[in-house]
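The block underneath contains the structure these notes are about, expressed in C-alpha cells.
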Amino acid sequence: HLRSRQVFDVYFPSPYGLIACEKLLGASWTFAQANYLKELREYLSGEELIELAKDRLKHSHKKVISVKDDATQCLMRFSGGSHKADLWVDGRFVECESLSNDLDQTLRMTRAFIEVSGEVVVVVASVHAIRMMLQRLCLACWRIGCNLRVRISCIDELSHLEAMRKYLILRPPKTGQF
C-alpha cells in the first residue's frame with residue numbers, strides 16, 4: 001500500500017491450484033470468489049457498481065461518463081485490440097469490477113490499462129472484493145510479466161479518484177517454475 005509504505009505478499013493459485021479449485025469446488029477460482037461474495041451478501045452486479053460509482057464520482061469530478069452513456073468515450077484501444085472501461089472520469093478510465101469476470105477477461109483488462117494509462121483504476125463492492133481483485137491483478141502481472149500501479153476502492157469508500165487506495169504490484173523475477 002503506497003500511502004503507508006506497507007509491503008505484503010499476496011498469494012494466488014498456481015496453474016495446478018486453479019485446476020485443483022475446479023476439481024474440488026466444481027467451479028473456477030474466479031467463479032468461487034464471486035460466489036463467496038454472494039454468500040457474504042457483498043456482491044453487486046457490474047451495472048449496479050457502474051451506477052453507484054458514477055453517482056459518487058459526479059460530485060467530485062467535472063466529467064463522468066459511463067459506458068452506457070457513451071461507449072466510444074470508454075473505449076480503450078491497445079495492441080491486443082480494444083477494451084471498454086466502465087467509466088471515463090476527467091480523462092481517466094475506471095473499471096467497475098463485480099468479480100464475475102473470468103481470468104482471461106481480467107488479463108485482457110489489465111493489458112489494456114497497462115498500455116493505455118499505465119495503471120489500473122478499479123471500483124469493487126466491498127473490502128473483501130478489494131483483496132480478491134488484488135489477487136487477480138497480482139496473478140495477471142505474474143502472467144503478463146510486469147509491475148503494475150493500482151488505484152482501488154470499494155464503493156462505500158469511493159469519493160474521488162485521488163483518494164483511492166494506491167498499490168504498486170511488483171512481480172518477482174521469473175524463476176522458471178510455472
Side-chain angles (χ1 to χ4, degrees), residues 1-22 28-34 36-37 42 46 49 53 57 74 76-178:
H1 193 264
L2 289 178
R3 284 195 187 121
S4 66
R5 306 232 184 269
Q6 180 184 6
V7 176
F8 56 92
D9 293 327
V10 175
Y11 297 93
F12 53 83
S14 70
Y16 301 116
L18 294 173
I19 293 167
C21 184
E22 285 204 31
S28 70
W29 174 58
T30 53
F31 186 79
Q33 283 184 324
Y36 184 65
L37 288 175
E42 294 181 7
L49 269 174
L57 292 171
C74 296
M76 304 170 75
R77 295 189 192 285
F78 70 110
S79 62
S82 62
H83 171 78
K84 283 184 188 164
D86 296 312
L87 297 172
W88 187 83
V89 180
D90 292 343
R92 295 170 79 182
F93 295 104
V94 177
E95 193 73 18
C96 297
E97 183 58 60
S98 68
L99 296 172
S100 291
N101 289 338
D102 63 26
L103 203 47
D104 288 337
Q105 291 168 314
T106 301
L107 286 167
R108 182 175 184 77
M109 180 267 298
T110 304
R111 282 188 179 102
F113 271 90
I114 287 169
E115 282 188 36
V116 173
S117 62
E119 74 176 345
V120 173
V121 182
V122 64
V123 177
V124 295
S126 67
V127 173
H128 279 100
I130 287 176
R131 293 185 197 121
M132 291 174 180
M133 190 68 213
L134 286 172
Q135 281 183 311
R136 289 182 186 202
L137 291 170
C138 287
L139 179 53
C141 288
W142 182 268
R143 294 231 177 131
I144 295 169
C146 68
N147 297 330
L148 179 64
R149 289 187 161 301
V150 177
R151 286 181 189 270
I152 191 166
S153 179
C154 62
I155 195 68
D156 290 342
E157 295 174 352
L158 184 64
S159 61
H160 56 90
L161 298 185
E162 295 307 315
M164 296 175 89
R165 298 177 189 202
K166 296 175 185 96
Y167 294 90
L168 178 60
I169 297 173
L170 300 174
R171 187 203 189 278
K174 292 185 179 183
T175 61
Q177 196 180 359
F178 300 112

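Just so it is clear, the values below take in all heavy atoms, side chains as well, and ignore hydrogens, waters and symmetry mates. Quick note: residue numbers are just sequence positions, from 1.
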Hey, is the main chain of [Y] close enough, under 3.5 Å, to the side chain of [X] for a donor-acceptor pair?
X	Y	answer
R151	K166	no
R136	T30	yes
E22	I19	no

Does L170 have any side chain to side chain contact (heavy atoms under 4.5 Å, CB included) partners at least two apart in sequence or in another chain, and if so, which?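 Only N147, L168 meet the side chain to side chain contact (heavy atoms under 4.5 Å, CB included) criterion with L170.
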State which residues pass side chain to side chain contact (heavy atoms under 4.5 Å, CB included) with S159; sequence neighbours excluded, sorted by chain then number.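 Listed in chain order: A163.
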Of the non-hydrogen atoms in [X] and [Y], which two are nearest, and what is the gap between them?
X	Y	answer
A140	L107	CA-CD2, 3.5 Å
E95	F113	OE1-CE1, 3.7 Å
V121	F93	CB-O, 3.6 Å
V123	L49	O-CD1, 4.1 Å
N101	E97	ND2-OE1, 3.1 Å
I169	C141	CG2-SG, 4.0 Å

Passes side-chain contact (heavy atoms from CB on, under 4.5 Å), W29 versus Q135? Steps please. CA-CA 11 Å; W29 174 58; Q135 281 183 311; 3.9 Å; yes
Taking the side chain as everything from C-beta on, heavy atoms only, tell me whether Y167 gets closer than 4.5 Å to L148.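 No, their side chains stay 4.5 Å or more apart.
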Residue pair M133 / I130, side-chain heavy-atom distance below 4.5 Å: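 Answer no - side chains too far apart.
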Roughly how far, to the nearest 0.5 Å, is [atom2] of [Y] from [atom1] of [X]?
X	Y	atom1	atom2	value
T110	L137	OG1	CG	5.0 Å
L87	C96	CG	SG	4.0 Å
H128	C154	NE2	SG	11.5 Å

With salt bridge (Lys or Arg N to Asp or Glu O under 4.0 Å) as the rule and sequence neighbours excluded, what pairs involving [range] come up?
range	answer
residues 121-130	none
residues 79-92	R92-E119, R92-E162
residues 104-115	none

Could you go through the side-chain contact (heavy atoms from CB on, under 4.5 Å) check for V94 and W88 one step at a time? CA-CA 6 Å; V94 177; W88 187 83; over 6 Å; no
Residues that E157 engages under salt bridge (Lys or Arg N to Asp or Glu O under 4.0 Å), provided they are two or more places apart: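 Scan of E157 (salt bridge (Lys or Arg N to Asp or Glu O under 4.0 Å), adjacent residues dropped) gives R165.
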Evaluate the side-chain contact (heavy atoms from CB on, under 4.5 Å) criterion for residues C146 and I114: first the C-alpha distance (whole Å), next the side-chain angles of each, then the deciding distance (0.1 Å), finally the verdict. CA-CA 9 Å; C146 68; I114 287 169; 3.4 Å; yes
